[in-house]
Each structure stands twice: as structure tokens, then as C-alpha cells.
Amino acid sequence: MAERYDHRELEPRWQRRWEEEGIYRAEVDWSKPKHYALTMLPYPSGDLHIGHWYAMTPSDARARWMRMKGYNVLFPMGFDAFGLPAEQAAVQRNIHPAKWTWANIERMRRQLRSMGAMFDWRREAITCDPSFYRWTQWLFEKFYEAGIAYRGEALVNWSPTLQTVLANEQVIDGKDERTGQPVVQKLMEQWFFEITRYAEELLDFEGLDWPEPVKAMQRNWIGRSEGAEVVFRTEGGDELPVFTTRPDTLWGATFMVLAPEHPLVDGVTTPDRRAEVDAYREQTARRSELERMEEGEKTGVFTGGYAINPVNGERIPIWIADYVLLSYGSGAIMAVPAHDQRDFEFARKYGLPIVPVIQPDDGEPLDGATMTEAYVGPGVMVNSGPLDGTRCTEAKGRENPSIAAAIDWLVEHGVGREAVGYRLRDWLISRQRYWGCPIPMRYRRDGTIEPVPEAELPVVLPEDVEFTGRNPLAEHPEFVQTVDAEGRPARRETDTMDTFVDSSWYQYRYLSPDYDEGPFDPEEAAYWLPVDTYTGGAEHATLHLLYTRFFTKAMRDLGIFDETAEVMRRHGRDPDSLFDEPMLQLRNQGQVLGEERPGDVVHVVGRWRGETLVAESVRVDEHADPADADGVIVGEVMRRVENVLQVRVDDRLVTVEVPEDAVVEIPGIPGDNDVTQIRHHLEVQRMSKSRGNVVNPDELVEAYGADTVRTYLMFAYDWEKGGPWDSRGILGTRRFLDDVHRIGTERYVPKDVSEEATARLRRRVHQAIRKVDADMEAFKWNTAVATLMSLRNDLLEALRSGSVSADAWDEAVKTLLLLLAPMAPHLTEELWRGLGFDESIHLQPWPEFDPEVAREELVTLVVQVNGKVRDRLEVPADADAEAVEAAALSSERVRRWLETGEVRRIVARPPNLVNIVVG
RNA sequence: GCCGGGAUGGCGGAACGGAAGACGCGGCGGACUCAAAAUCCGCUGGGCGCAAGCCCGUGUGGGUUCGAAUCCCACUCCCGGUACCA
């Protein structure tokens, strides 16, 4: 009898042994092809979530597979350790953020090790470690010297709750994406990265194997639009440039609108309008983005000033309105109410003229007085002087003849130029927070700025700080007070960087986390870069993934990879275009959701008070006898809020109030019961502590083993999609590994060996190699595991019958273990060594697929009549069209159907299918 | 509104334009057991039929094709992104 599969003993043992033997150490070796596999680094929140396992263990399996395929694989891990939760812990629980973070890292490292992943821990990088953030600061200074990092004034998103500013990418629906608290717009001086410098290049995904949705989201976020810049003038003579995508409609502009914060507003406002304009501007400043959006109707006020339309010299009024944003284009628009819905609504509300300049192809000429909405379709230009008669299509930019004609006219007359606008704004990186990378700048007494000299880096976060809710750095005199390069008193910058700055370059620090002559060692970088495969959540599409692309491009342009390129050339590797993009291949995993759970069935006796049943007694009862008396209901508890239950009775929900003195009986829970112990129905939703539907990976590892958890997560879902957790489903995976354990330890005794059964098993083995290999390549772990389960079924069958040769059995077992090794590294290692091999299974080459052995000799021929399957026949795999046709026509079952009419056509697809068309 | 993605048994999910439902969960029946659990064996999309077998079936409606879950058109619902972007 074989020994039992004891994962509790076996898994830690192999983890220790691998560590001791250092089998996962990744060393530069120019004689081997490299593969840099990377999975998004976690925030050290304190506990590893099942989502981390779902993201990381399949990525680990793929990295292992690449290694067995002969690649030298780097698969590092680290922590994105700066960020707000640490400060919140400090305020709430009086623990220093550093202490809290480092304790969490310690704990999570242990949990990560329990995965049995091939992380090379010598390459661990932790963003809050001074040895890391020294180089974040160094990069900031390089960006500063190049003008990519700058201090500027802009309308920024200020979160009163967090007492800090946020990047555009962190604000969703006018609310902070983390806390859901509203954000207000404030004009503030802050640090920015000039990501817009790369807007055009960031739109180019050439050569990147990235998911289409991620590319689309980035394109939308960047929001390129083609048009023209047209220079209007105020009556006072000030230039008032506007950006428009429809320069062809310039002749229909009947007014202008400036953003309330626009610098020219003061100049154009006439004394009689001053009070109203100021009031409107103040109101705009006070309202949050959210309030502005909720207000459906457009508002605005007339400034009293006028501008001259450069195309026809017409005098048009200048308004201000908050539907025009200061941060897009020039913060001013020309309004063409006849052909822009926003302008139309505004014009109608305030009685401004509407002049159509496009005549639709069919129907009556447009009349500004009677139109009910803006016309945005195709037609012919009218009322437009030189453009009259030009065709207007629905195409954008120069593709549209009328727009092309308008741009040419503007250029010719010197009042405008072709222009491209982007929705993307510069990346606001200042945060008025403590737990982030300090911005290494200081302000001299004269107000000018200087970077902290490189030799003084890093600017270290002081530890003796107090947390009051405001930025503690600003209130720390020893930190703030410093001296400039000349020794004169200076003030230190107290803002820290957005944590997305840290994760924008961490993939480079992994290469050499201890290197102290630069952010990374060119000798390592030349071999490992770029990242070949990157995996992580799609929620980072417009945040991290856009930022890190920008970072790499900026670093490239600043020459930070020059030395690396030199080393590459020395080794005969062409560095051309290798530093344009950080990650060549990207894949997103989905999310593991909480499990659906039925609620308790309760038997409630009480009194009706309106629609509510006030309970006298509540009994949890599995045998749901139907209720027959008044004031008695039986049903499943769907929801519970405090002491109020929603019980489903037939198809409706009954509200049950359970007063303090009601009797609650739950047979399954001994002792006195109360209403909070009643289980309510749980729907499939994201896991969260408050919903009580989180699954704890540590407990799963304890109960089933890391290999089972890994394999189950790979088997249960389409990885890119995710889905609900199934606590019974994991048992099937454990049974699979139990069977593998049995197959790997049982002595096989051939009994009635048949050549046919032997050949069949060998065929299945080689088909499995092909299938698993293709699936690993394509991130289709679920079908890879399914293939191995089938192979398990074949082996169990062989074990029962003893019908295969000993050699075929050995080959099959060995192959099963090798193919399963990336998914279940501990068990396969144990069984492999048990078979007598001295070297780790994880150092073995991936099995070779033999097409000769995998080839089927007999295949099933499906015979259809008019597309419906009428018979299945066995034919040789090499049967030709004639042979399969003959076989099909001679089938007894098929013949009966042929009698219903004449054979009109026979479609043969040998060797699998024949379709006979009868009519 | 706009841009993506999706909808297949009771459930998770498989299916180069060619056998729908691989693999697993659950369910049902049987073996073992005093019994239960575990384990093992068999069945398991729906309907009709004693059976051979037949009919229906991949969100809905149409189309292309010898043949459609797969391609095309229109629509419904769900999920994600984005939203005065001039």
C-alpha cells in the first residue's frame, strides 16, 4: 500500500530544500535565451488575499514552464510599500507607518513563500526602503533637469477627506477612487510630470502583445482629436486662441465661452457685469466636480465683452460657463450652436442666435429659430463665404473636405493653424502626505528651487513625526529647515510623490536591488530587459500601465539606458527599440468573486404591523413546512440589517422585525441564540470583509495544500475572466492530486498487456504534451489542467486493467509529473524524487512531443444528411474523400435517409465528416 | 450618450465554420459499511418512445453557407471604462 499524500509535511520540506539548493536563482547567462516574467507587485496590506494567489500562481506556473522550455527565467517579487493605508493605520491605531508596513511585509513574505513560487528573493525590491527611493528621487531629478518634472499652477483635484491632491486618473465620477469621497477643483501650485510630451508616442502600440481592451482604454484616455487652433481677438486687442475640431463651422460661431477661471475673464468683463461674473466664478469655485456634473442644465453669464471672429470680422459676445474647462485646449471655445449640442442648449437657454452653416442633403434648409437640436450630420457648407458649396462628410479631421478647406483657409490668412488636442493632462505627482517618497527639492530664500545634490540623496523620511490628519512633514521643523548649495537657509519640499511613481520603474530595480551606482546595473539590464511577460489586473489600464510606459520612454530619452545599450552591443545584442516599451506582452487576470450561499430558512411567528411582521419567535428550520396560520411565515432569509430580516416567502420579500425579547432558536448553534447568528443569502459579488464572503488562502493551504489551491485556481475559471469561488469544487482538484499521488507511488504490475491499449496510452500521453504546451503558451490553464485530469483517468484505467506495457506506464507517469510540475511543484517534486531521480523535476526539460506516436490510426467519421448527424463510423485516419464517401453511402442508417429524396451533393471533409445533401 | 467585453446544462466552464456540452462540481443509482463519511463503479442538456430511434437545444429575430455557439445585420440584457474634452 502506498503512503498517503501529506501536503502539510511535504510542502514546507520542499520549500526549504529549494531555498537551500538555490534552484530558483536567476543569474545572467549569455549562453541561454532569457525570459523576464513579471507579475504586479502587491501592496503590503497585511494579509495575502485569494486574489493574490489567483494573479501570481498561474504566472509562476508559466514562468516555470518557460524555464523547462530552456529559458533562463527571472521572476522577481517585491512590495509597493508606500501609500495611504499605512498612514491611516498610524492615525487609527497609533502605529508608525514604517513599523506597520515592515511588519506587514514580514508577514506577507511568509505567506508568499507558502505558494511555492519560484520567486528569486535575492532580487526583492521594496519601494519604501531608502535604498530604493534614493533612486526614485534620482530619477525625479533627472526628469527635473530635462523639464519633464516641473512645478506649475493648475486646477487640481483636492480631496478634503484625504487632505491631499490627486491625479486625474485617481478621480472617478468626481470622487476619489479609493475612498469614494467627493473631490473639489482647486487652483494650486504642484509638481507635475509632463506625460503629455509623450501623448503621441503613447498612442503607438506597435509590436506590443497587449489585450485590445487595455490599448483601447489608453487610447480613449489620451483622447487625441484633430482640428485647428483659431486666434480670435477681444475688442481690447487680446489674443484669444481656441481649439476646435470643426473649423469648417467657424462662420456659424455666434458667441464665445471662456472657462470661469480663464485669465482673460477679468479683462473682458465690463463694469456693469462685474458683480454677476464674480458671483458666478465664486459659485463655480465652491462647487465640487460632482455637484457640477449632477446639475443637468448648463449655466453661465455674459461678461459684457465681445470678440471678433477672424473669418468674417463679426462681433460676438463673450460668455463664461462651467461647461468649458480651463484644462482642455485653451480653456475657451467658439460656440456654434447650430452644429454642437452643448452650444445649442446654451444658446437656447440664454436666447443667443443660432446660425446654420451646413445644409443637410435631404430635407428642408435648417432654420436657427425652429431647430430642436444641433445638426451634426453631413451636408454642404452654406453661409460660410469661401467655404460655400464645400462638401461636409461625417469624417473627422482632414479626411473631411470641409474641414480640410477650412484649415487651408485659416493658414493662408494667418489666423489659425492645424492642431491636435489631447484629453490627457500632465501627471500630477505631488501628494501632501507623509508615507511616500520625498520630493528631493528645496526652496531658496529668494523663492527659487534647487534639487538636493545627488551626493545628499536620499532625502530620508524623518521617523519622529506626529499624525494629526495633516501632512506631518510640513510640521516637522528639522525636516523643513535646511540649507541650499551655498549654505543659506532654505526650506525643504514637504510634498511626497504619488506611489504610482515608485511602481513606474520597479521592474528595473529588481535587476539589481543592491546596486548603488545607479537605479540598476547595466550588466544585468543588458541581459534581462525588457520584461517579456507581464501579468496583473486590468484596473491599472490607465494608471500604472500608462505611467510605466511613459517612464520608460522618458528614461530612454534621458540616456539612462545608454550604458545598458553599450553592454548589449558588447554581447552582440541589438539594443534598437528595446527601451521604447517596458513590457512586451501583457495579460490581465479576472477576479475571484465571493461564493453564493443560501440563507437560513426560518419559521417566524409574530404579529402584523402594517407590512411588517413583528416576530415573537424565530426558528431556523431545515424542514420548511409551509405556513398555514395568520402571523406565521416560512422562508429563506435574503438580507439582514441589524434586527430586521428580509424573508422570501414564495416570490415576495417580507420584512420581519425581531425585537429584543423575541425567542430565537438555531438548532445548529448551541447556547442562547440571537438574531445576528442567522445566516442571510449571499449573492455572487466581490469579496469583502463586510460581506463576510472572503476566503482565506492560508486556511485553504492548511486544509488542502498549496498545490491544490494553485491547481484549482488554474482549473476553475477562464483566467482572464475569473468567477465565483466554489468551496466544493476545490475537492475535485484535491482528488485529482490524490490520484496523481497514487499513480506516482503505486507499483504498476502489467497483467493482460495489449498492444492496442499500450499504443492508446502512449498516444494520449503525446497528445497531452502538445495540448498542455499550447495551453501554457496561451494562458489557458483551465484546459491544460483538464487535459492532465484526462491523462489521470487513462492512467487509473491502465492501473485497473494492467493492459499497458511497463515501459508505456513509466513514460506516462513521468510525463504526467513533468507536465504537472509548473502547476503543482511540491507534489511532482516529491513523486519525481520517489521515482529515483536525483535532480529536481524543476530543472528538467519539458517533454518532447512525438507526432508519430500522437497520431490517431482510426478516427470517427461523422455522416450527416442535410447537416444532421445520422451515423458515426470508424475509418482509418488516412482515408481519402472517395473512401469516406463510399463508407458513408454504404451505411445502413444513412441509406434510410437517402430514400427521402435525391442525392444532390456530397461534401466530404476526410477523414472526419461527410455531409450528404438530399432534396 | 460614447468605447470595450460578454451571454453555452442545475453550477464553473470546453469546443481550427464540421460530433455542442471536454474536464470538474453538484445530482441520481449501485458497491463497501452495523451506520455515516471517505473511497470505488455506473448514469446525468430537455422532450417523446417498451425499444430502435426521433424531435428540440448555445440571450432574441433575421441572413450567408452543404453545414453556424463560431461569420454578417438588427435587437435585449449583464459587466468594465469614460463622460460637458470643444
Side-chain angles (χ1 to χ4, degrees), chain A residues 172-174 211-221 223-225 227 242-247 249 253 256-257 259 292-293 295-298 321-325 327-336 339-343 345-346 421-425 538-539 541-542 588 590-591 595-596 684 712 715-718 720-733 735-736 738 771 780 782-793 796 800 859-872 893 896 904-909 912-919:
Chain A
I172 292 163
D173 291 339
E212 279 307 321
V214 173
K215 292 194 275 187
M217 277 191 255
Q218 292 203 353
R219 274 190 213 105
N220 288 343
W221 189 259
R224 183 181 199 276
S225 51
V242 300
F243 173 72
T244 175
T245 55
R246 297 301 303 270
T249 62
M256 293 192 76
V257 186
R292 274 168 72 159
M293 286 194 318
E295 183 84 42
E297 202 162 296
K298 297 186 187 357
D322 63 8
Y323 81 91
V324 173
L325 309 175
S327 49
Y328 186 76
S330 62
I333 61 155
M334 59 150 189
V336 185
H339 305 293
D340 181 288
Q341 187 60 25
R342 295 158 299 183
D343 299 344
E345 285 165 24
F346 194 77
Y422 299 94
R423 207 188 75 114
L424 182 71
R425 316 286 157 81
E539 66 274 17
T542 54
N588 299 124
Q591 236 180 31
E595 183 171 26
E596 178 150 4
V684 170
Y712 177 62
F715 174 67
Y717 316 94
D718 171 350
E720 307 204 1
K721 212 167 111 198
W725 178 254
D726 178 356
S727 50
R728 304 296 300 265
I730 193 171
L731 294 169
T733 306
R735 284 197 276 267
F736 166 52
D738 281 334
K771 176 70 177 149
K780 299 275 182 208
N782 54 344
T783 46
V785 176
T787 302
L788 295 176
M789 286 179 169
S790 292
L791 189 56
R792 169 266 315 251
N793 293 342
L796 288 180
R800 267 197 298 276
V859 294
T860 305
L861 171 70
V862 171
V863 186
Q864 298 179 335
V865 177
N866 290 338
K868 290 193 187 230
V869 179
R870 296 302 177 191
D871 200 7
R872 289 153 215 246
R893 286 178 196 169
R896 293 216 310 264
R904 306 222 178 254
R905 191 176 160 187
I906 298 177
V907 182
R909 289 282 175 278
N912 299 106
L913 186 124
V914 172
N915 187 13
I916 304 168
V917 186
V918 177

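Proteins come first, then strands; the chains are lettered A, B, ... in the order of their sequence lines, and each starts at number 1.
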Give the rounded distance in Å between these two atoms: CG of A:Asp871 and C1' of B:rG53.
13 Å
Are any side-chain N or O atoms of A:Tyr717 and backbone N or O atoms of A:Pro724, one a donor and one an acceptor, separated by less than 3.5 Å?
yes
Distance, rounded to the nearest Å, where A:Gln341 contributes CD and B:rC85 contributes P:
11 Å
Would B:rG81 be called syn or anti, given that syn covers angles within 90° of 0?
anti
For the pair made of CG in A:Leu731 and P in B:rA38, what is the distance, rounded to whole Å?
9 Å
Can you measure A:Lys868 atom NZ to B:rG53 atom C1' for me and round it to whole angstrom units?
14 Å
Just checking A:Val907: base, sugar-phosphate only, or nothing, at a heavy-atom cut-off of under 4.0 Å?
base
Roughly how far apart, to the nearest Å, are B:rC43 and B:rA74 at atom P?
46 Å
So which one's nearest nucleotide on RNA chain B is more toward 5', A:Arg893 or A:Gly223?
A:Arg893
Taking OP1 and OP2 of B:rC55, is either one under 4.0 Å from a side-chain nitrogen or oxygen of A:Arg870?
yes
Do the side-chain N or O atoms of A:Arg909 get closer than 4.0 angstrom to the phosphate oxygens (OP1, OP2) of B:rG67?
no
For A:Gly722, which contact category applies under a 4.0 Å heavy-atom criterion: base, sugar-phosphate, or nothing?
sugar-phosphate
Are any non-hydrogen side-chain atoms of A:Val242 and A:Met256 less than 4.5 angstrom apart?
yes
Using only atom types and a distance under 3.5 Å, with no angle test, would you say the side chain of A:Asn866 pairs donor to acceptor with the backbone of A:Val918?
yes
Any sub-3.5 Å donor-acceptor pair from A:Asn915's side-chain atoms to A:Gly867's backbone N or O?
yes
Both atom distances under 3.5 Å, Watson-Crick or G-U wobble: I'd like the secondary structure of RNA chain B as a dot-bracket string, with | for pairs made across strands.
(((((((..(((.....[....)))((((((.......))))))((((....))))..(((((..]....))))))))))))....
Check whether any side-chain nitrogen or oxygen of A:Arg905 sits under 4.0 Å from OP1 or OP2 of B:rG67, and answer yes or no.
no
For the residue pair A:Lys298 and A:Tyr323, would you count it as a cation-pi contact if the rule is NZ or CZ under 6.0 angstrom from the ring centre and within 45 degrees of the ring axis?
yes
Interface polar pairs with nucleotides 19-23 of chain B, N/O, under 3.5 angstrom:
residue : atom : partner  : partner atom : Å
B:rA19  : N3   : A:Arg872 : NH1          : 2.7

We want to know whether A:Thr860 and A:Arg872 form a side-chain donor-acceptor pair, criterion being a heavy-atom distance below 3.5 angstrom.
no
Would a distance-only check, ignoring hydrogens and angles, find a side-chain to backbone donor-acceptor pair under 3.5 Å from A:Glu595 to A:Ser727?
yes
Distance-only, no hydrogens or angles: does the A:Gln218 side chain make a donor-acceptor pair with backbone N or O of A:Ala541 under 3.5 Å?
yes
Which residue lies more 5' along RNA chain B, comparing A:Asp738 with A:Thr542 via nearest heavy atoms:
A:Asp738
Counting only N and O atoms by type, is there a donor-acceptor contact under 3.5 Å from the side chain of A:Asp343 to the main-chain atoms of A:Val336?
yes
So if I take every side-chain heavy atom of A:Trp221 and compare against B:rG26, B:rA86, B:rU82, which nucleotide ends up nearest?
B:rU82
For a ring-ring contact (aromatic ring centres under 6.0 Å, His included) check, start with the C-alpha distance between A:Tyr712 and A:Trp725, then their side-chain angles and the critical distance, and finish with the verdict.
CA-CA 10 Å; A:Tyr712 177 62; A:Trp725 178 254; 5.4 Å; yes
Are A:Tyr328 and B:rA86 close enough that a side-chain N or O sits under 4.0 Å from OP1 or OP2?
yes
To the nearest Å, give me how far apart CD (A:Glu539) and P (B:rC79) are.
18 Å
Between atom CZ in A:Arg735 and atom P in B:rC25, what is the gap in whole Å?
5 Å
Round to a whole Å and report the spacing from NZ of A:Lys298 to C1' of B:rA86.
12 Å
Salt bridge or not between A:Asp726 and A:Arg728? Use side-chain N to carboxylate O under 4.0 Å.
no
A:Arg423 CZ to B:rU82 P, in whole Å, measures 8 Å
Using a distance-only criterion (donor-acceptor N/O pair, under 3.5 Å, no hydrogens), is the base of B:rC85 paired with the side chain of A:Arg425?
yes
When all nucleic acid strands are considered with a 4.0 Å heavy-atom cut-off, which category describes A:Arg219: base, sugar-phosphate, or nothing?
nothing
